[in-house]
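Both backbone and side-chain heavy atoms feed into the values below; hydrogens, waters and symmetry mates do not. Remember, it's 1-based here, ligands and their atoms both numbered in the order they're listed.
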Amino acid sequence: MVARDLVHSWEPQELGNAVARCLAASAAARLYPRAPFDDASRQLAAEIDAWVDFATGKWPLDAKGELGAGRDEVLAGLGALERTLAARTYVAGGHAPSLADLVLVCELQPAFEQVLDALARASLPHTTRWFTTLAGHPQAAPVLGAMKLAGRTQGANPQQGLSRVAAAGAANAAAGAKAAGAGGAGAGEKKAKNEKEKKEKKPKEKPEKKAKPEANGDAGKGLKKETKLGLSVGKAEDFAAWYPEAIVAGELISYYDVSGCYILRPASFGIWEKITAFFDGEIKKMGVQNACFPLFVTEERLNTEKDHVEGFAAEVAWVTKSGTSELERPIAIRPTSETVMYPYYAQWIRSHRDLPLRLNQWTNVVRWEFKKPTPFIRTREFLWQEGHCAYATKAEADKEVSQILDLYERVYTDLLAVPVCKGRKSAAEKFAGSLYSLSVEAFVPATGRGVQGGTSHCLGQNFSRMFGIEFEAVDHTKQHAWQNSWGLSTRTIGVMVMVHGDDKGLVLPPRVATTQMVVVPIPNAKLSAEQQAAIAGKAAEIHAALAAAGVRAHLDDRDNYTPGWKYNHWELKGVPLRLELGVKDLEKGSALLARRDTGAKEVVPWADLPARVPALLEQIQADMFAKASAEFGECRETTLDWEGFMAALDRRHMVLAPWCDEEAVEEDVRKRSASDDAMGAKTLCIPLEQPELPPGTLCFATGRPAKNWALWGRSY
Ligand code: 87F
């Protein structure tokens, strides 16, 4: 069956709702002859039927106009939708909207536009991304427009209960991942309650979230009606739902209408700026210079490196058009810049006197990944630095590979308070173009998964041979340059969030926090105007004094939020320290400091603040690292045999095991350790720091003589 047939067989009277009428009457004829809809729909006719069932089932409202008895069904449907969209761009798969997408988006549009508040949307990130994509899609947008004209979005609508249940829907969404492929999990019997009967219902109260401690009661008059803040799900309870909610509510990220791309908001770009400032300063001290090469690369150049690009070819994005005309030759967008830079290295390097050539660039790159995107961790566009250096000798190239790895380690340990393990990549995991690759590996205890934090490669003469990077040596012989390359990306920020975040949201290490301390004056309706002014004045004074002491402080003197609301808000954002100033503090000449990481509070006299706050911020930094390091240690087990290996993986730990270091064995271990609900394990690295390997030690997987200790784990 093709979509055209589907459309014809779905008679408006059969569906009996405005969505179908709108689709059939005004849009379908224009849209469905187009190929993409046909393809997706043809393959998934049954699934589409199920989704249409869900979309056209009336939300079963009770007498109060709430999602009473039918709540579970709607939750299940939203959950199924979120799960499906976590794994696919569109509900029916494929790379273009299907009929099912259109019907669903029409049905959900009122809820998204009018009812779902920002926080609820954050808890349905994939559904939100899908909705936004469709709203801007050149073929889907006219259908949505037609919906509006048809008056679907006016007045009360049956989705009014959605905002209060959306967060719960998201929690449901992550549960039972196996159901993700079932598409129509929420499709049930159509509940045929008449929407119009509900039209006169009053708008609902604000959406309710999970119970949170009450806001500080001493709110002034005329405050905004507040939405309670807080995450709808705990980190340990449901990490997959927690992470997107934490980064959106913490204002690090906004979802964007191109799948796999995200907006880095000031709070996260500020973290990246701290990382770049540190690393940039260090490499400049070493003698590396910054440059900026173009974003585009010709097909011919990209293929110079064919062997190494081959494995990545599917991820390269191409520009094929300008305006409406096809380019004569498509142009690739850099996924990494070897092929952009090295042809020019070949031109610039002639003699040993032109060496070393040590360049770095801070850029964005594009890799059109098809695996499920995860903000910061796996995105289609990301920011990074890539260093590319050429030397006359291998020893010089080697030395820098290690020096850079040490800097990467410091980014994690000293700035992000995240412990890492330095190591060499196995043959299977290293960059195909390198002689050897080193990496720093981090670990996320909440998911039991390792994550590569940064890589530094010794390229040997592989690329200088391919690109003809030759120099005349002192002895007048022609030689190929020795090269290295190294990269660190915005993935760093995701790792930091995953390691430190808690049930209240982000927890930022002070050294990278864009705002290190927030000053919250506590007004009280019972105070005189003079007292109120005194509090406001003192808060501003403290803020200025701390800013002068070098603290990145922010004064939250908004008069339309209660102090309690502000506490929640800044906790979500992970600001390391909060300073509270109330009338009692004013009398005592002190202020209260509250730590984000531990919740500990202390009273500090005003005069001591400029010294105490920086010291406390450093203490928080150290404590966060100590805590994360202890956890890292607990998650790293040592084993000698397969049983121990599997048991450690089951405990969601990394495993250090003696290994024969054979490439085929790694693939075998991956397969053997995979199950229906868990991915297989691979080597994270062969740690540079090797415990003693007594002679005769056998490989945990093959029983053959072990060559080294390898660190294994499930990973991102
Ligand atoms: C995706 C598409 C095309 C990774 C890709 O690690 C090519 C590639 O070459 C590709 N994904 N890589 C490897 C990147 C190697 C290297 N480049 C410089 C780094 C650090 C910085």
Side-chain angles (χ1 to χ4, degrees), residues 260 275-276 279-280 283 288 290-319 330-345 357-371 373 377-390 397 400-405 407-408 411 423-441 451-460 462-464 466-467 469 483-492 685 716:
I275 294 171
T276 61
F279 189 79
D280 202 58
I283 58 174
V288 177
N290 281 331
C292 189
F293 286 74
L295 171 71
F296 299 115
V297 55
T298 61
E299 188 168 17
E300 190 188 2
R301 282 274 158 79
L302 195 73
N303 284 337
T304 318
E305 201 218 351
K306 205 161 188 175
D307 285 355
H308 305 127
V309 163
E310 218 155 46
F312 303 115
E315 289 176 14
V316 177
W318 294 88
V319 178
I331 291 175
I333 302 172
R334 65 178 167 219
T336 175
S337 301
E338 283 79 357
T339 57
V340 177
M341 297 166 87
Y342 296 169
Y344 298 88
Y345 281 38
L357 177 58
R358 307 169 76 191
L359 299 182
N360 174 69
Q361 60 175 0
W362 292 97
T363 64
N364 52 350
V365 284
V366 171
R367 294 179 184 173
W368 213 254
E369 302 255 10
F370 289 93
K371 286 190 197 154
I377 301 292
R378 182 182 290 120
T379 60
R380 286 181 166 173
E381 179 190 359
F382 56 87
L383 303 182
W384 75 345
Q385 62 65 219
E386 52 179 323
H388 295 264
C389 300
E400 193 179 52
V401 170
S402 301
Q403 285 175 331
I404 293 294
L405 196 73
L407 290 181
Y408 288 165
V411 166
R424 173 173 63 80
K425 283 293 192 184
S426 68
E429 289 298 315
K430 81 172 185 67
F431 171 37
S434 77
L435 220 50
Y436 63 88
S437 299
L438 304 184
S439 70
V440 288
E441 300 289 328
V451 50
Q452 179 175 294
T455 44
S456 184
H457 312 282
C458 178
L459 304 176
N462 294 345
F463 282 86
S464 60
M466 275 186 284
F467 287 88
I469 307 173
Q483 291 178 268
N484 62 37
S485 77
W486 21 278
L488 182 85
S489 75
T490 36
R491 173 178 268 203
T492 41
C685 68
Y716 281 95

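- Ring orientation note: the planes of Y342 and F467 are nearly perpendicular, at an angle over 60° on the 30°/60° scale.
- From I283, atom CD1 reaches atom CZ of R358 across 9.5 Å, with rounding to the nearest 0.5 Å.
- Ring centers of Y345 and F463: at least 6.0 Å apart, outside the cut-off.
- Between W362 and F279, the angle of the ring planes goes over 60°, which puts this pair in the perpendicular group of the 30/60° scheme.
- Under 4.0 Å is where a charged nitrogen must lie from a carboxylate oxygen, and between R378 and E369 at least one such pair does.
- For K425 and E441, the salt-bridge test passes: some basic side-chain N is under 4.0 Å from an acidic carboxylate O.
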List below, pair by pair, the N or O atoms of ligand 1 and of the protein that are less than 3.5 Å apart, including the distance to 0.1 Å; reply 'none' if no pair qualifies.
from     : atom 1 : to   : atom 2 : distance (Å)
ligand 1 : 6 (O)  : T455 : OG1    : 3.4
ligand 1 : 6 (O)  : H457 : NE2    : 2.7
ligand 1 : 11 (N) : R367 : NE     : 3.3
ligand 1 : 11 (N) : R367 : NH1    : 3.3
ligand 1 : 17 (N) : T336 : OG1    : 2.9
ligand 1 : 17 (N) : E338 : OE2    : 2.6

